[in-house]
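By convention in this document, chain letters (A, B, ...) are assigned in the order of the sequence lines, proteins followed by strands, and residues within each chain are numbered from 1.
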There are 2 protein chains.
Amino acid sequence: MDSNYQAYQKSAELLKALAHPVRLCIVHGLLQKGKSNVTYIQECLDLPQSTISQHLQKLRSLDIVRAERSGLEMIYSVPDERIGIIIKILIGEDSYHE
Amino acid sequence: MDSNYQAYQKSAELLKALAHPVRLCIVHGLLQKGKSNVTYIQECLDLPQSTISQHLQKLRSLDIVRAERSGLEMIYSVPDERIGIIIKILIGEDSYHE
DNA sequence: TTAATATATTCATATAATACGATATAATGT
DNA sequence: ACATTATATCGTATTATATGAATATATTAA
């Protein structure tokens, strides 16, 4: 048995959180655009606000995404640079259009 | 709506296939050891053969892992170098011990 | 052809993930 | 305090995924 099993579990959770088209789109969008609020993301994806919010919660819970409040808005960003590298490997850089 | 949605779907599937501790362990093991047969993987992970086989099927279906038969055995390997990069980012290199 | 070994597939079921409407909270302006 | 805007949470129906026992297939040797 591989003695490193906890590392696999942790990484698997991280990947699982990333492994959803909507969440990939959110994270990729944040990487391209820098920071963003929920309304922008929502319009961009054309999904109910509650759905977006729940995806963001999952991303937050794994620190893939960081939230900071700015008045009425929550501003989201992607602090972990490893995430950017992984997304770049998978999707590339020039595929986001606002 | 992001026009690149298909790319997200495809990448999400790839990540989902990778996003399981047992499968991460299998892939990481293959990257460290080079090629390997199922029996070795199975002993290494101490799980039923059918479980390992099903995980391998999922990895094969997304071309994360390639299988070639050698007599009785199936020899597995990881042809896509992007996978190695992702695993290295997440887990590092020196964490596998046989 | 039969036996032995290695691996794959099928199936039943348990568990977890997802979507989205309804509702709640938080901040701001009047 | 009240209305407005932005975001979060809850309830629940639906769908997807994981597991392992049983069974099937493939390869080789005798």
Side-chain angles (χ1 to χ4, degrees), chain A residues 1-2 5 8-27 29-30 33 35-78, chain B residues 1-2 5 8-27 29-30 33 35-78:
Chain A
M1 177 75 158
D2 194 303
Y5 203 72
Y8 297 131
Q9 281 184 308
K10 216 162 173 311
S11 298
E13 280 192 69
L14 207 256
L15 289 174
K16 207 159 45 169
L18 221 45
H20 189 286
V22 168
R23 292 194 293 268
L24 275 179
C25 185
I26 290 172
V27 174
L30 289 174
K33 190 184 158 58
K35 302 179 170 194
S36 186
N37 63 4
V38 173
T39 303
Y40 174 77
I41 296 168
Q42 183 188 341
E43 283 167 0
C44 187
L45 280 166
D46 193 29
L47 285 172
Q49 177 265 325
S50 68
T51 302
I52 299 290
S53 186
Q54 282 183 104
H55 284 301
L56 283 166
Q57 292 324 297
K58 173 161 266 178
L59 291 169
R60 286 173 73 169
S61 76
L62 283 134
D63 298 314
I64 292 170
V65 136
R66 168 194 296 152
E68 36 180 337
R69 184 176 282 280
S70 165
L72 282 182
E73 304 179 328
M74 296 293 287
I75 306 294
Y76 284 95
S77 56
V78 184
Chain B
M1 178 75 158
D2 194 304
Y5 203 73
Y8 298 129
Q9 283 184 306
K10 216 162 173 311
S11 298
E13 281 192 66
L14 206 256
L15 288 173
K16 209 158 43 167
L18 221 45
H20 188 287
V22 167
R23 292 195 291 269
L24 275 180
C25 186
I26 289 172
V27 175
L30 288 174
K33 190 183 159 60
K35 303 178 169 197
S36 186
N37 64 4
V38 173
T39 303
Y40 173 77
I41 296 168
Q42 183 187 341
E43 284 168 359
C44 187
L45 280 166
D46 193 28
L47 286 171
Q49 179 264 323
S50 69
T51 301
I52 299 291
S53 186
Q54 284 182 100
H55 284 302
L56 283 167
Q57 291 324 296
K58 173 160 268 178
L59 291 169
R60 287 172 73 169
S61 76
L62 283 135
D63 297 315
I64 292 170
V65 136
R66 168 193 296 152
E68 36 182 337
R69 184 175 282 281
S70 166
L72 281 182
E73 303 179 331
M74 296 294 285
I75 307 295
Y76 284 95
S77 56
V78 184

Q.
At less than 4.0 Å, is any side-chain N or O atom of B:H20 found next to OP1 or OP2 of D:dA16? Yes or no.
A. no
Q. Could you state the CD-C1' distance from A:E43 to D:dA6, rounded to the nearest angstrom?
A. 12 Å
Q | Value in whole Å for how far the P atom of D:dT27 lies from CG of B:N37 | A | 16 Å
Q | Polar side-chain contact A:Q54-D:dA8 base: donor and acceptor under 3.5 Å | A | no
Q | Interatomic distance, A:M74 CE vs C:dT25 C1' [rounded to whole Å] | A | 12 Å
Q.
Is it the case that C:dA8 (base atoms only) and B:Q49 (side chain only) share a donor and an acceptor within less than 3.5 Å, ignoring hydrogens and angles?
A. yes
Q. Could you give the CG-to-P distance, from A:L56 to D:dT9, as a whole number of Å?
A. 11 Å
Q) Within this structure, what is the CD-to-C1' distance between B:E73 and D:dT27, rounded to whole angstrom? A) 11 Å
(Q) Tell me whether the side-chain N/O atoms of A:K58 come closer than 4.0 Å to OP1 or OP2 in C:dT18. (A) yes
Q | Which atom of A:A19 lies closest to which atom of B:A12, heavy atoms considered | A | CB-O, 3.7 Å
Q.
Among D:dA6, D:dA16, C:dA6, which nucleotide has an atom closest to any side-chain atom of B:K16?
A. D:dA16
Q | Closest-nucleotide ordering on DNA chain C, the 5'-leading residue of B:R60 and A:A19 | A | B:R60
Q) Is any side-chain heavy atom of B:Y5 closer than 4.5 Å to a side-chain heavy atom of A:V22? A) yes
Q: Return no unless some side-chain N or O of B:H55 is found under 4.0 Å from OP1 or OP2 of D:dT19.
A: yes
(Q) With nearest nucleotide decided by heavy atoms, which residue, A:R69 or A:V22, maps closer to the 5′ end of DNA chain C? (A) A:V22
Q.
Using a 4.0 Å heavy-atom cut-off, does B:T39 contact any base of the nucleic acid, only the sugar-phosphate backbone, or nothing at all?
A. sugar-phosphate
Q | Value in whole Å for how far the P atom of C:dA17 lies from CG of A:L59 | A | 14 Å
Q: Please check if the side chain of B:R23 supplies one atom and the backbone of B:L59 the other of a donor-acceptor pair under 3.5 Å.
A: no
Q.
On the nucleotide D:dA22, are OP1 or OP2 found under 4.0 Å from the side-chain N or O atoms that B:S50 carries?
A. no
Q) Are OP1 or OP2 of C:dT7 and a side-chain N or O of B:Y40 less than 4.0 angstrom apart? A) no
Q: Check the distance between C:dG29's P and A:L72's CG and give it to me in whole angstrom.
A: 8 Å
Q | Phosphate-side-chain proximity, A:Y76 and D:dA6, N/O vs OP1/OP2 below 4.0 Å | A | no
Q: Name the nucleic acid region contacted by B:Q57, choosing base, sugar-phosphate or nothing; use a 4.0 angstrom heavy-atom cut-off, strictly under.
A: sugar-phosphate
Q) Is the closest side-chain heavy-atom distance between B:M74 and B:R60 below 4.5 Å? A) yes
Q. Below 4.0 angstrom from OP1 or OP2 of D:dT19, is there any side-chain N or O of B:T51?
A. no
Q: Measure the shortest side-chain to side-chain distance between A:L24 and B:L15 over non-hydrogen atoms and say whether it is less than 4.5 angstrom.
A: yes
Q: Would you kindly give the CD-to-P distance between B:E13 and D:dT15, to the nearest whole Å?
A: 18 Å
Q.
Are A:K58 and A:H20 packed together at the side-chain level, in the sense that at least one heavy-atom pair is separated by less than 4.5 angstrom?
A. no
